Each structure stands twice: as C-alpha cells, then as structure tokens.
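To start, the structure under review is shown below, and the notes come after it.
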Amino acid sequence: MKLATFNVNGINGRLPVLLRWLAEASPDVVCLQELKAPQEKFPQAALREAGYGAIWHGQKSWNGVAILARGQVPLETRRGLPGDPDDSHSRYIEAVIDGVLIGCLYLPNGNPAPGPKFDHKLRWFARLAAYAAELLALEVPVALVGDYNVMPTELDVYKPERWRDDALFRPEVREAFRALVAQGWTDALRALHPEERIYTFWDYFRNAFGRNAGLRIDHLLLSPALAERLAAADVDRAVRGWEKASDHAPTWIDLADVAPRRRPRARSAARAATR
DNA sequence: ATGCCTATTATTAATAGA
C-alpha cells in the first residue's frame, strides 16, 4: 500500500496539480489537508473520474481534511478528534482501508506564540496524544498522518535559530511531538532516513523552494504492527516546483503487503503433509 | 519587528497560513 499525505492548500484551486500528481504517483491512499472549501464544494466527481473514492470534512475558507482511496470509498470510522465538543474546525477524519486504520489530521498552526492560538494548538496536541494512546491499545495497524505543523528536530528546519520562537518549533510543541512518538509510534520518514535533511514544505516567500529553505512538518506515524511493513518513504518534492503548486509537497510511504496468514488448522495440516 | 507570497471571502481590503 502506497500511503501519502498532501496539504493541498485549497483543493479547488489546486485540482489540476492534485490530478496530475495522482496520475503520476498512483498512490493507493491519500490524506489531504487544507481543503479550504465548504462540504458541498468538494470535487468528488473529478476525483471519482480519476479513480478515487473519497470521504471529506469541509469547512468554509479554512481547514478541511479528506481521505482518498484508489478503487474504493474509504470506510469512515470517525470525523473530529474526541475531547472537545466545542471544536468546530475540520481537522480530523479517519477511515479503514484494506485493514489499516488511517487517521488524517491537520494540527493547528499556533502562531503567534505565545497567545490563545498557541494555547489552542497545545490543547489540540494533548487531545491527539490521548486519542493516539487509545488507538495504540487496540494493537491493530494504525497510521496517523498529516500536517502536524511541527518540525521535530533541528534536522527538520533549514535554519533552526530563526524558528526557535515560532509556534512550529517552540520547545513545547517539539516536546509534545516527541512524547507522542514515544508512546510507541514510528516516524516513518525519519526511521528510513535518520540523517537526511528532508523537507515537506517550502514557503511561498523569498524563493524558499529555490533556496531549499524548507521545513519537515508533514508526518506519517505508524503503530508497531504497521511499522514492521514499512518498505520505503519519500517526498515528491518536484511537485512543489509545478505551476500553481501548494506550499507543501506530497509525502508518502510504501507498506509491504501482509503475508497471507493460514488458519491454525490449515497450517498444522500443511505441516503434517510435509512430514 | 515586518514584509516577502498565495488563497478565500467579500468589495478592495481583511484574514490566515507557516
């Protein structure tokens, strides 16, 4: 299973980019963030024509998340993160696809910090951590993927000193991310590329992409059962250079298929047959 | 400390992003 996350920064303005990338990369599952479109303006027909079923949670102007699956409609298991009934932002949607529980998230940006927006970010992070612990306890294959708005370490920022007081890099959010991963999750890109400078976002300002002034803020966290299957991970950074590009690039992993498991009876019968 | 760019919404400017 090729599983990707892509903050599209406006799904309608970005539709040609999204469709071109889907055709070229052919991912099996895609988590999208920042739809910036109300529920009824999601381009379901165009995506269906491209071969993808979808579930989505839109919102006027901002936020918005979706999950696409090639050749099937994702089986939705949740929309909205538990823990705050007053949370009106569309920032979490979840589905089961081919035996994998996939949570698609868009963590609040949190700037300016300190301030109410930063407090909101930390509260949202705490709710995510509480829910993530519940998912881990299920001991099933789970992927929590999306735009976390956090650079986990100095290796994930082109110029750490410039970002030290920013809501994406302050010690509180780095610690929140570290503690989340320490529950038992695997940061897929970092696991396969421990030393490499990898970015998933480049600002529109100051020719950031041309200078490779990037940030790694889009992450795929895998439960232990899924981490065993991790075979490849990368960023389709060329997409950031396309006409009318999002400021994020698609970030993806490849998960090996599960070996077909025989029933115990069948296995002992097979063993007896080879004796 | 702020603009630089880009998108959406609503009326030519404000807000948010990161």
Side-chain angles (χ1 to χ4, degrees), chain A residues 5-21 31-43 56-66 87-92 104-122 124-125 128 145-174 176-177 189 197-219 235 237 239-251:
Chain A
T5 180
F6 186 17
N7 180 322
V8 284
N9 188 12
I11 189 153
N12 288 305
R14 216 66 70 194
L15 193 57
V17 168
L18 177 60
L19 292 175
R20 178 181 166 192
W21 172 71
C31 293
L32 298 174
Q33 303 85 32
E34 278 207 88
L35 304 180
K36 291 186 168 180
Q39 188 69 8
E40 65 275 14
K41 292 275 179 64
F42 184 86
W56 66 96
H57 193 195
Q59 183 178 338
K60 195 169 108 175
S61 305
W62 303 305
N63 309 319
V65 283
D87 184 358
S88 58
H89 292 192
S90 298
R91 293 183 179 275
Y92 187 83
C104 170
L105 64 103
Y106 175 46
L107 215 132
N109 175 301
N111 275 307
K117 289 192 172 185
F118 189 62
D119 296 341
H120 173 244
K121 179 178 194 168
L122 294 178
W124 207 94
F125 222 135
L128 176 63
V145 318
D147 179 356
Y148 280 74
N149 270 317
V150 181
M151 296 85 89
T153 72
E154 300 209 338
L155 191 56
D156 304 309
V157 202
Y158 68 97
K159 192 182 262 193
E161 63 277 14
R162 177 168 282 193
W163 289 84
R164 214 181 314 120
D165 294 326
D166 190 277
L168 280 68
F169 199 54
R170 284 176 67 101
E172 300 95 319
V173 292
R174 273 189 274 167
F177 187 85
L189 264 83
R197 288 207 164 270
I198 302 169
Y199 302 136
T200 65
F201 166 91
W202 297 262
D203 214 312
Y204 288 120
F205 303 162
R206 296 178 295 256
N207 187 32
F209 185 57
R211 297 184 295 119
N212 196 29
L215 310 173
R216 189 175 75 96
I217 55 178
D218 300 278
H219 306 299
V235 179
R237 53 175 292 142
V239 177
R240 180 62 182 80
W242 291 357
E243 189 100 6
K244 296 273 283 178
S246 168
D247 38 9
H248 296 248
T251 304

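Everything numeric here is computed off the predicted structure, so don't read it as measured data. A, B, ... follow the sequence lines: proteins, then strands. Residue 1 opens every chain. Heavy-atom basis, side chains included; hydrogens, waters and symmetry copies ignored.
Take the nearest nucleotide of DNA chain B for A:Arg162 and for A:Gly13: the residue whose nucleotide is more 5' is A:Arg162.
Going from atom CG of A:Asp166 over to atom P of B:dA16 covers 16 Å, rounded to whole Å. Atom-to-atom, CG of A:Asn149 to P of B:dG17 comes out at 8 Å; the value is rounded to the nearest Å. A:Met151 has its CE atom 14 Å from the C1' atom of B:dG17, to the nearest Å. As rounded to whole Å, 16 Å separates atom C1' of B:dA18 from atom CH2 of A:Trp62. Rounded to an integer number of Å, the gap from CG of A:Leu107 to P of B:dG17 is 12 Å. A straight line from CG of A:Asp247 to C1' of B:dA16 spans 12 Å, rounded to a whole angstrom.
Counting non-hydrogen atoms under 4.0 angstrom, A:Asn63 reaches nothing in the nucleic acid. Counting any heavy atom pair closer than 4.0 Å across all strands shown, A:Phe169 reaches no nucleic acid atom. Within the nucleic acid shown, A:Asp147 comes within 4.0 Å of sugar-phosphate atoms alone, with no base atom in reach, counting heavy atoms only.
When both distances must be under 3.5 Å, the Watson-Crick or G-U wobble mate of B:dA10 does not exist.
Here A:Thr200 contributes atom OG1 and A:Asp247 contributes atom CG; the two are 10.0 Å apart, rounded to the nearest 0.5 Å.
Considering only side-chain N and O atoms, A:Asn111 lies nowhere under 4.0 angstrom from the phosphate OP1 or OP2 of B:dA18. An OP1 or OP2 oxygen of B:dA18 is reached within less than 4.0 angstrom by a side-chain nitrogen or oxygen of A:His248. For the pair A:Lys117 and B:dG17, the criterion of a side-chain N or O lying under 4.0 Å from OP1 or OP2 is met. A sub-4.0 Å separation between OP1 or OP2 of B:dA7 and a side-chain N or O of A:Lys244 is present. Contact check, A:Asn109 against B:dA18: a side-chain N or O comes under 4.0 Å of OP1 or OP2.
Between A:Trp163 and A:Tyr158, the ring-plane angle classifies as perpendicular under the 30° and 60° cut-offs. Between A:Phe177 and A:His219, the two ring planes are tilted [angle within 30° to 60°].
A side-chain contact (heavy atoms from CB on, under 4.5 Å) with A:Asp218 holds for exactly one of A:Val150, A:Val235, A:Asp147, A:Val145; it is A:Asp147.
Between the side chains of A:Asn9 and A:Lys36, at least one donor N or O sits under 3.5 Å from an acceptor N or O.
You'll find that the side chain of A:Lys36 is closest to B:dT8, out of B:dT9, B:dA18, B:dT8. Out of B:dA10, B:dA18, B:dT15, the shortest distance to the side chain of A:Glu34 is found at B:dA18.
Seen from the ring of A:Phe169, A:Arg174 counts as a face-on cation partner, given the 6.0 Å and 45° thresholds.
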What's touching nucleotides 12-14 of chain B from the protein side, N or O pairs under 3.5 Å?
none

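Near DNA chain B, meaning a heavy atom under 4.0 Å from it, residues 197-210 of chain A has A:Phe201, A:Tyr204, A:Phe205, A:Arg206 in order of number.
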